[in-house]
Each structure stands twice: as C-alpha cells, then as structure tokens.
Amino acid sequence: MIDEALAALGRERRVSVSIQSYALAPLVLMGSDCICTLPRRFLQRFTTSLDLFEPPLALAKFQMSAFWHQRMSGDPAHGWLREQVFQTARAQGR
C-alpha cells in the first residue's frame with residue numbers, strides 16, 4: 001500500500017529495518033531515527049513515547065483477515081472466540 005502510494009508520486013521508500021510483528025515497531029522506532037506507517041488504532045497507545053503524524057500522502061484503506069486451522073472450524077469454543085474478536089473489530093472500526 002505504501003509502495004503504491006509513493007509510486008503514484010514518482011517516489012520510492014528505502015527500507016532499512018524489517019520486523020516480523022507490528023508489536024516490535026514501537027521499540028525499534030523509539031531507539032532510532034526510522035519512520036514507519038502503521039494503523040492509527042494500533043499507535044494510539046504510544047502517543048506518550050512516539051511522535052505521531054498523519055501520512056503526507058493519500059493511503060488506501062486496508063483490510064485485515066483472520067485465519068484458523070480447518071479442524072477448528074466446527075469447534076464451538078473456537079467459534080465463540082472468533083465471533084468475540086470479529087464483534088470487537090467491527091465496533092472499533094466505526
């Protein structure tokens with residue numbers, strides 16, 4: 001998404017760090033001069049430790065998906081938990 005928005009402006013990013021999880025990004029950012037684009041809802045908890053800015057370019061909305069092992073599809077407890085996660089995500093997205 002970021003690469004596409006930059007390409008539309010004739011620009012490209014230079015990746016200096018790659019991490020496996022959003023959760024690690026604030027730790028990396030706090031100790032560096034790097035920048036990162038992450039969802040606003042995720043970053044809200046870091047307003048006291050990071051300088052947060054709106055992106056200076058238009059970005060498309062993104063969609064998150066949930067995946068689980070096929071054997072869990074019929075499990076009532078797993079189904080209940082999935083529904084709780086989905087309801088919470090929908091409520092937060094409003």
Side-chain angles (χ1 to χ4, degrees):
M1 170 176 56
I2 303 301
D3 290 331
E4 290 173 8
L6 288 171
L9 298 172
R11 308 288 304 250
E12 63 182 40
R13 64 187 175 127
R14 184 174 36 118
V15 177
S16 61
V17 177
S18 179
I19 57 174
Q20 296 297 316
S21 169
Y22 276 178
L24 296 174
L27 298 173
V28 171
L29 295 170
M30 283 182 228
S32 74
D33 61 353
C34 294
I35 62 170
C36 182
T37 305
L38 291 169
R40 179 181 295 122
R41 281 187 283 165
F42 171 75
L43 291 173
Q44 285 175 340
R45 69 187 92 168
F46 300 104
T47 57
T48 59
S49 55
L50 294 173
D51 293 326
L52 305 180
F53 302 94
E54 290 292 321
L57 63 160
L59 298 175
K61 298 270 184 190
F62 70 94
Q63 179 177 334
M64 294 186 76
S65 299
F67 300 94
W68 55 90
H69 194 280
Q70 184 178 14
R71 73 173 176 257
M72 302 309 288
S73 291
D75 182 271
H78 198 269
W80 176 87
L81 179 60
R82 288 192 309 266
E83 187 54 35
Q84 300 309 303
V85 170
F86 299 153
Q87 284 180 14
T88 301
R90 281 191 293 270
Q92 293 295 316
R94 294 181 192 156

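Nearest heavy-atom pair across Thr47 and Leu52 is CG2-CD1, 3.6 Å. When every heavy atom of Leu29 is checked against every heavy atom of Cys34, the shortest pair comes out as CD2-O, 3.5 Å. Smallest separation of non-hydrogen atoms from Leu38 and Cys36: CG-SG, 3.6 Å.
In this structure, CZ in Phe86 is found 8.0 Å from CZ in Arg90, a value given to the nearest 0.5 Å. In this structure, OG1 on Thr37 lies 7.5 Å from CE on Met1, to the nearest 0.5 angstrom. With rounding to the nearest 0.5 angstrom, the CH2 atom of Trp68 is 10.5 Å from the CG atom of Leu81. Taken to the nearest 0.5 Å, the CZ atom of Phe46 stands 7.5 Å off from the CG atom of Leu27.
The number of heavy-atom neighbours closer than 6.0 Å to CD of Glu83, taken from other residues, nucleotides and ligands shown, is above 12. Other residues, nucleotides and ligands contribute only 12 or fewer heavy atoms inside 6.0 Å of the CD atom of Glu4. No more than 12 heavy atoms of other residues, nucleotides or ligands lie within 6.0 Å of CD1 in Ile35, so this atom counts as exposed by the packing criterion.
With hydrophobic clusters built from ILVMFWY side chains whose heavy atoms lie under 4.5 angstrom apart, Ile2 shares a cluster with Leu9. Connection of Phe42 to Met30 is established within a shared hydrophobic cluster, with ILVMFWY side chains joined at heavy-atom distances below 4.5 Å, either directly or through further cluster members.
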